[in-house]
Amino acid sequence: MPDLRSAPHASAVAIDNVWWRSAAIYQLYVRSFADSDGDGIGDLTGVRTRLSYLADLGIDAIWFNPWYPSPMSDAGYDISDYRDIEPAFGTLADADALIAEAHDLGIRIIIDVVPNHGSDRHPWFRAALATAPGSAERDRFWFRPGRGPDGALPPNGWQSIFGGPAWTRVTEPDGSAGEWYLHLFAPEQPDYNWSNPEVRAEFDDVLRFWFDRGADGIRIDSAALLAKDAALPEIGPDAPPGPHHPYSDRDDVHEIYRRWRAVADEYGGRVLIGEIWIPDAVRLARYVGPGELHTVFNFPYLSCPWDAAELRAVIDNTLALNAPAAAPATWVLSNHDVDRIVSRLGRADTAFDLQRRSYFHSLPVDLALGTRRARAAALLTMALPGSVYIYQGEELGLWEVQDIPPGLRQDPIWRRSNGADPGRDGSRVPLPWAGQAAPFGFSPAEGCGRPWLPQPARWRELTVEAQAGGAGSMLNLYRAALHIRRSEPALGDGSMTWLAAADGVLAFDRGARVRCAVNLSRRPAPLPDNAGLLVASGPLDGGLLPPDCAVWLRSPL
Ligand code: NOJ
């Protein structure tokens, strides 16, 4: 029998070891959620004071972006201590209190663990720099001599995902120009060497540290990148991830997750969620199932244009690929790395691709159209079988802020591309809670530090306060849908059945009682047979479903 250790505060959440198969998970970006002390940066006390907002919204779990001590070279994805809380966000005692209070409200907590790389301020990396080439301390990372007579050229031509070379040269303790170290992201994020047993043991311990404190799940950052070919061969720019790639989606990465699953299984009801951006859906499915991860993010769905046939194909593929492992699908419309859904769906090209952000930002945005579609997309997404992620602010209909002044931008992607890529700051702007002017209740009062990124003046129309009473607001649409989703047993985990529908219309049944229809065409469409309306994303047109509108219906008897 495994030792099913109970978490200190687990008693308040219902005992349900498969909660993650149906859960509505709110992605909380701490820095931009709520600032309790007026320094312009969100914090854990801010979250604690707003937990009732999240409970009212009807979510089942919160995924926190990294909350650890960090120099913030990549917004916390550069961790200098995996067992503590970033001082700007609070303390470990705040995190303990937050976990307990969330559990008391029936909300589970998922934290973000970043195993591919640490911070250049992490004690391990400081120790590596202080020791000579070949040391045990350096073997936890990827240190290599440079090429060329003076070692002045990087060990290979790999490029960083954030732009520029993936190698940085160090100065040795004696002052001489020395070895190079690998960083697939920014230079401040050195990659760990996962073939080193100390690295493996360290992360087992980090997982246990947080599971013991009551974390219910782990979101695994950059999960496909950990295993590397120690020969560090050159790669072409278009080399596909997979067994022959030197670092992306190699077969040996799966050993790591089998080990992590064994740790998670020492506890009850803990979930491992992989962040894996690989195009090959068959290979993606290899990460889920018994003995490995519980779920993976569904990036094909997140990147899919607003097109009925394409969405249907992505939905079918997702379900087919998860089926053999009996893993639940996940449905994600946006996150802190991509454009906000209102803006994406308000453009002439409604797809998204991380590599082409500047192209998407060059297209005009029709906010009214984008909002209408985002409402319909929300109902579609929350009706699909499996779990759903809601990135903070989507429930308010926030848009991508594309006009942040260059001097205020923080994303390393912006800096490292010399502004050629606008980066991700536009989806990370602090939430508007109340009032007529910035900081819109994000910080306690005017006169405090300004929010770390500027909020658009027009967000006065989108504050929680402004939307709370409006029956037609985005906030109330999310609340209504999440509450119905929770009360209808057929929603969440389970199966779906497509219904015949007009061109450009998606219609499907969830069990015998709930039916969803979404009109992505340009013409009003007949509603499927039904015994009443549960919720609509917009006004119906005399019994017809208008373009860019979705409904949940009670199925006919
Ligand atoms: C994925 C995270 O979502 C992103 O924000 C981060 O920059 C990279 N991984 C590197 O950790």
Side-chain angles (χ1 to χ4, degrees), residues 25-33 63-80 82 86 110-122 125 141 158-164 166 182-192 194 203 206 217-226 228 241 247-249 253 272-278 284 287 293 295-299 302-303 330 332-340 352-355 357 389-393 400 409-417 421-429 452-453:
I25 300 165
Y26 188 85
Q27 182 192 346
L28 195 148
Y29 198 78
V30 185
R31 204 176 178 76
S32 298
F33 187 74
W63 151 32
F64 282 88
N65 286 101
W67 58 9
Y68 317 92
S70 165
M72 298 289 164
S73 295
D74 181 22
Y77 284 92
D78 48 321
I79 299 170
S80 52
Y82 288 77
E86 159 63 27
I110 297 166
I111 59 163
D112 214 319
V113 168
V114 186
N116 180 66
H117 46 269
S119 160
D120 61 350
R121 297 297 161 126
H122 189 286
F125 194 74
F141 300 91
W158 293 1
Q159 293 296 296
S160 144
I161 292 162
F162 285 169
L182 176 69
H183 50 86
L184 290 180
F185 294 92
E188 296 86 355
Q189 296 167 293
D191 279 45
Y192 293 116
W194 271 88
F203 277 90
V206 167
I218 307 283
R219 180 263 190 194
I220 308 166
D221 185 72
S222 304
L225 303 181
L226 277 54
K228 291 171 178 101
Y247 60 77
S248 184
D249 187 34
V253 78
L272 300 175
I273 305 154
E275 189 228 7
I276 301 169
W277 288 86
I278 56 173
L284 181 61
Y287 288 82
L293 305 184
T295 63
V296 289
F297 285 107
N298 189 342
F299 292 120
L302 172 148
S303 316
T330 65
V332 192
L333 283 172
S334 81
N335 65 31
H336 64 295
D337 290 328
V338 307
D339 283 5
R340 285 211 176 263
F352 189 76
D353 177 348
L354 286 175
Q355 314 305 324
R357 199 183 274 104
Y389 286 81
I390 299 159
Y391 176 45
Q392 72 177 37
E400 183 75 14
R409 287 185 184 268
Q410 314 243 348
D411 188 354
I413 292 185
W414 155 263
R415 262 182 290 112
R416 286 179 65 80
S417 70
D421 185 327
R424 304 163 293 181
D425 291 321
S427 64
R428 300 175 176 182
V429 174
W452 69 281
L453 286 173

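Counting starts at 1 for both ligands and their atoms, following the listed order. Please read these numbers as outputs of a predicted model, since none were measured by experiment.
- Side chains of N65 and Y77: a donor on one and an acceptor on the other come within 3.5 Å.
- Checking Y287 against D249 by side-chain atom types alone, a donor-acceptor pair falls below 3.5 Å.
- Side-chain contact annotation: Y389 with N298, donor-acceptor N/O pair under 3.5 Å absent.
- Using cut-offs of 30° and 60° on the angle between ring planes, the pair F297 and W63 is tilted.
- Partners of F141 according to the ring pair (Phe, Tyr, Trp, His ring centres under 6.0 Å) rule, which considers only residues two or more places apart in sequence or in another chain, are F125, Y192.
- Within 4.0 Å of ligand 1, the residues that place a heavy atom are D74, Y77, H117, F162, F185, R219, D221, S222, E275, H336, D337, R424, R428, listed by chain and number.
- Looking at S248 and W277, their side chains never bring a donor and an acceptor atom within 3.5 Å of each other.
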